[in-house]
Amino acid sequence: QVQLVESGGGSVQPGSSLTLSCRVSGFTLDDYGIGWFRQAPGKEREAVASMSVFDDSTSYPDFLKGRFIISRDKAKDTIYLQMNSLTPEDTAVYYCAADRLGSWHPEVPGVWKHLTLWGQGTLVTVSS
């Protein structure tokens, strides 16, 4: 059974760091491109990071200004998203995703619609 299970969300203060995890099962990360997305209330889902299955290269949207880092540990079947210098605008439900597409750029509009495997999401709230 294919599953992606996120964890690590919570409430933090502005300026904090937080690392999200996504444990996968039922498939191997050797064959799938991976990414993280988020969706704030009333807004469309947007990509915040991706990693290519072909060369492990990573991509981020410009608006993040280098604050987020995606990584994976194949031995643990786990994907991570390290988030730094969080602001209230980062408040959202965060989702991990995987797809045999293998590679995509986060700034491609609506790319999330083409990805097949998703976690259930974990809420991150940034507030003072």
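Values in this document were obtained by computation on a predicted structure and should not be read as measured data.
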Geometric class of the Phe68/Tyr94 ring pair [parallel <30°, tilted 30-60°, perpendicular >60°]: tilted
CA sep, side-chain torsions, deciding dist, call: Val111, Phe37, side chain to side chain contact (heavy atoms under 4.5 Å, CB included): CA-CA 10 Å; Val111 66; Phe37 294 75; 3.9 Å; yes
Tyr60 reachable from Leu86 in the ILVMFWY side-chain graph, under 4.5 Å edges: yes
Considering all heavy atoms, the nearest Trp112-Trp118 contact: O-CZ2, 3.3 Å
Side-chain heavy-atom pair Pro14, Thr87 within 4.5 angstrom cut-off: no
Test item: Arg45 side-chain N/O and Lys113 main-chain N/O as donor-acceptor pair under 3.5 Å: no
Beyond-backbone contact of Phe27 with Leu4, side-chain heavy atoms, under 4.5 angstrom: yes
Whether Trp36 side chain and Tyr80 backbone form a donor-acceptor pair below 3.5 Å: yes
Under 3.5 Å donor-acceptor, Asp77 side chain and Arg23 backbone: no
The single option from Val126, Val48, Ile69, Leu20 passing side-chain contact (heavy atoms from CB on, under 4.5 Å) against Met83: Leu20
NZ/Lys43: more than 12 non-hydrogen atoms of other groups inside 6.0 Å: no
Side chain to side chain contact (heavy atoms under 4.5 Å, CB included) involving Ser11 - partner list, sequence neighbours excluded: Thr125
Criterion side chain to side chain contact (heavy atoms under 4.5 Å, CB included) on Val24 and Tyr32, from CA distance to verdict: CA-CA 11 Å; Val24 309; Tyr32 285 74; over 6 Å; no
Smallest separation among heavy atoms of Ala97 and Leu115, with atom names: CB-CD1, 4.1 Å
Distance in Å, Leu117 CG paired with Ile34 CD1, rounded so as to fall on 0.5 Å steps: 12.0 Å
Atom pair OG1 (Thr78) and CG (Leu29), whose distance is rounded to the nearest 0.5 Å: 8.0 Å
Verify same cluster id: Phe63, Val124 (apolar side-chain graph, 4.5 Å): yes
Flag, side chain of Ser103 to backbone of Ser52, donor-acceptor distance under 3.5 Å: no
Joint hydrophobic cluster, Ile79 plus Val2, side-chain heavy atoms closer than 4.5 Å: yes
Point-to-point distance, once rounded to the nearest 0.5 Å, from CG of Leu18 to CD of Gln82: 10.0 Å
Separation of Asp30 CG from Arg72 CZ (nearest 0.5 Å): 7.5 Å
Intermediate values then yes/no, side chain to side chain contact (heavy atoms under 4.5 Å, CB included), Arg100 and Asp31: CA-CA 6 Å; Arg100 284 189 177 273; Asp31 298 330; 4.0 Å; yes
Closest approach of Ser17 to Asn84 (non-hydrogen atoms, all atoms of both residues): OG-OD1, 3.0 Å
Separation between CG of Leu81 and CE of Met51, rounded to the nearest 0.5 Å: 10.5 Å
Arg67 side chain near Asp90 side chain, heavy-atom distance below 4.5 Å: yes
Shortest non-hydrogen contact from Pro106 toward Pro61: CB-CD, 3.8 Å
Donor-acceptor under 3.5 Å (Glu6 side chain, Gln120 main chain): yes
Separation of Glu107 CD from Glu46 CD (nearest 0.5 Å): 10.5 Å
Disulfide bond (SG atoms under 2.5 Å apart) pairs, two or more places apart, involving residues 73-109: Cys22-Cys96
Flag, side chain of Ser50 to backbone of Trp104, donor-acceptor distance under 3.5 Å: yes
